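Working notes, beginning with the structure itself.
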There are 2 protein chains.
Amino acid sequence: MAWDTEGTRRRLKEAATVEFAERGPDGTTMARIAERAGINKERLYKYFGDKQALFETVLADELQKLAASVPPPEDGFANIGEFAGRTYDYHAAHPHLVRLLLWEGLAGGPVADEANRTAHYRDKTRAYAAAQRAGILDDDVDPDHMAFMIIGLSAWWFSVPHLAGMLTGADDQTEHARRRASVVRAAQRLARPHLD
Amino acid sequence: MAWDTEGTRRRLKEAATVEFAERGPDGTTMARIAERAGINKERLYKYFGDKQALFETVLADELQKLAASVPPPEDGFANIGEFAGRTYDYHAAHPHLVRLLLWEGLAGGPVADEANRTAHYRDKTRAYAAAQRAGILDDDVDPDHMAFMIIGLSAWWFSVPHLAGMLTGADDQTEHARRRASVVRAAQRLARPHLD
DNA sequence: GAAAAATCCAACCGCAACGTTGGATTTGGT
DNA sequence: ACCAAATCCAACGTTGCGGTTGGATTTTTC
């Protein structure tokens, strides 16, 4: 088998993603990551530095994937509900991400990849503002807050799943669909113009 | 000084609340809790058992305080916006609680005080359902999901403060007021009946 | 075939944490 | 005065983790 340094790096990062999402930065051990990847623990340090750096790499990577998978719609949020729905779908398919995000916020350490993320959210806010000026979205709520709350509507379900469970019962197939529908409706009600 | 076992218990619990909220179950050490309380570490075990049990006690206690401080309004959610605003205010004044809740969800261990909490949420859902039947709230979204999302609108700001910061800038006094206003408006738009 | 790079392996250091224990000391009740 | 309960104190055993290191082994490259 040929040397495959990119593959090694990727396998380590994937294992780290799973472990970090599951147990958090504190609960995760470098030995477990290596074991899960089937690669010697010592490789981790050569490739990623220490644990904190590895965590930041993992999180930055996963955020990139989200941004690539759920781009802001070309219609300028004309169908904001479906946009929120697609965000919900992404989180449902990749529950790692929200968990990593929460671990990061709770730990209170450095914010991974902060410059890029800030720029990304600036663009997003601009897009919302443009949609408001165009009359596609209501301007009842400031664009940055609207962006933040739309994210929240989708992600909240995966942020406190035990609370969701106590309120709604176990989330089987039908409950999952029901939740998605609620997210879509809530986003519409929150952001679409209406007469009141 | 007289023996004050209740006071000892309370001081330990308060110290534990601060530490657990700040660093989470993993990051918190029993020694630090005792040190913060100014009480010998060994007392913790006599009073609360092990670390996990202490954490559950702390969380159950803080949830009781929230329920006592922000009761469902007597007007049956006629002013749902202000109700969400008061919830936001409580979280702003007691940022411990959301953090404890998130640590619990992420850790994935046993749910503290599950029976009482489930009952509490059942009642809450019933109250929302009644308000919907009375025409005070829109029935566009199922009552359990509405309750869950209203909680989310208030708590999301404190769940991912670093994300909020990247979107809105630092949260000084004015930003704080702005956020509260957005929560109030969002809750109204989400739940109040309107013609569309 | 030799040198260089990637990987594995195993052991190590230092440290910090959980939970316990055995006793000394203080306080309260009777 | 005496006994029981609450507290303090200091040390312990054990476990586990982060990060490093020195070398053996395999693969690539030239």
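Quick caveat, the model's predicted, so the values are computed rather than measured. Residue numbers start from 1 in every chain, and the chains themselves are labelled A, B, ... in the order their sequence lines are given, proteins ahead of strands.
- What separates NZ of A:K46 from P of C:dA5 is a distance of 13 Å, to the nearest Å.
- Under 4.0 Å is where a charged nitrogen must lie from a carboxylate oxygen, and between A:E35 and A:R32 no such pair does.
- To the nearest angstrom, P of C:dG19 lies 7 Å from NZ of B:K51.
- Here D:dA10 presents its C1' atom at 15 Å from CZ of B:R43, a figure rounded to the nearest Å.
- A:E19 and A:T28 share no side-chain donor-acceptor pair at under 3.5 Å.
- In this structure, A:L44 atom CG and C:dA6 atom P are separated by 16 Å, rounded to whole Å.
- Within the 4.0 Å cut-off from OP1 or OP2 of C:dT7, at least one side-chain nitrogen or oxygen of A:T8 is found.
- Between A:Y45 atom OH and D:dG18 atom P the separation is 6 Å, expressed in whole Å.
- Between A:R117 and A:E104 there is a salt bridge, with a side-chain nitrogen of the basic residue lying less than 4.0 Å from a carboxylate oxygen of the acidic one.
- Although no hydrogens or angles enter the test, the distance criterion places no donor-acceptor pair under 3.5 Å between the side chain of A:R36 and the main chain of A:A16.
- Closest to the side chain of B:T5, out of C:dT7, D:dA6, D:dC8, is D:dA6.
- Nearest-nucleotide mapping onto DNA chain D: of B:I39 and A:N40, the residue sitting toward the 5' end is B:I39.
- Formation of a donor-acceptor pair under 3.5 Å by the A:R99 side chain with backbone atoms of A:E22 is found in this model.
- Ionic pairing of A:D144 and B:R178 is present here: one or more N-O contacts between side-chain nitrogen and carboxylate oxygen are shorter than 4.0 angstrom.
- Atom P of nucleotide C:dA5 and atom OH of A:Y47 are separated by 13 Å, given to the nearest angstrom.
- Residue B:K41 places a side-chain atom within donor-acceptor reach of the base of C:dG19, judged by atom type and a 3.5 Å distance cut-off alone.
- One interatomic measurement links the two molecules: CE of B:M30 to C1' of D:dT15, which rounds to 17 Å at whole-angstrom precision.
- When rounded to the nearest whole Å, the span between CG of B:D4 and P of D:dA5 equals 19 Å.
- Note that the CG atom of B:L190 and the CZ atom of B:R185 stand 15.5 Å from one another [nearest 0.5 Å].
- The stretch residues 10-18 of chain A does not touch DNA chain C, since none of its heavy atoms comes less than 4.0 Å from the strand.
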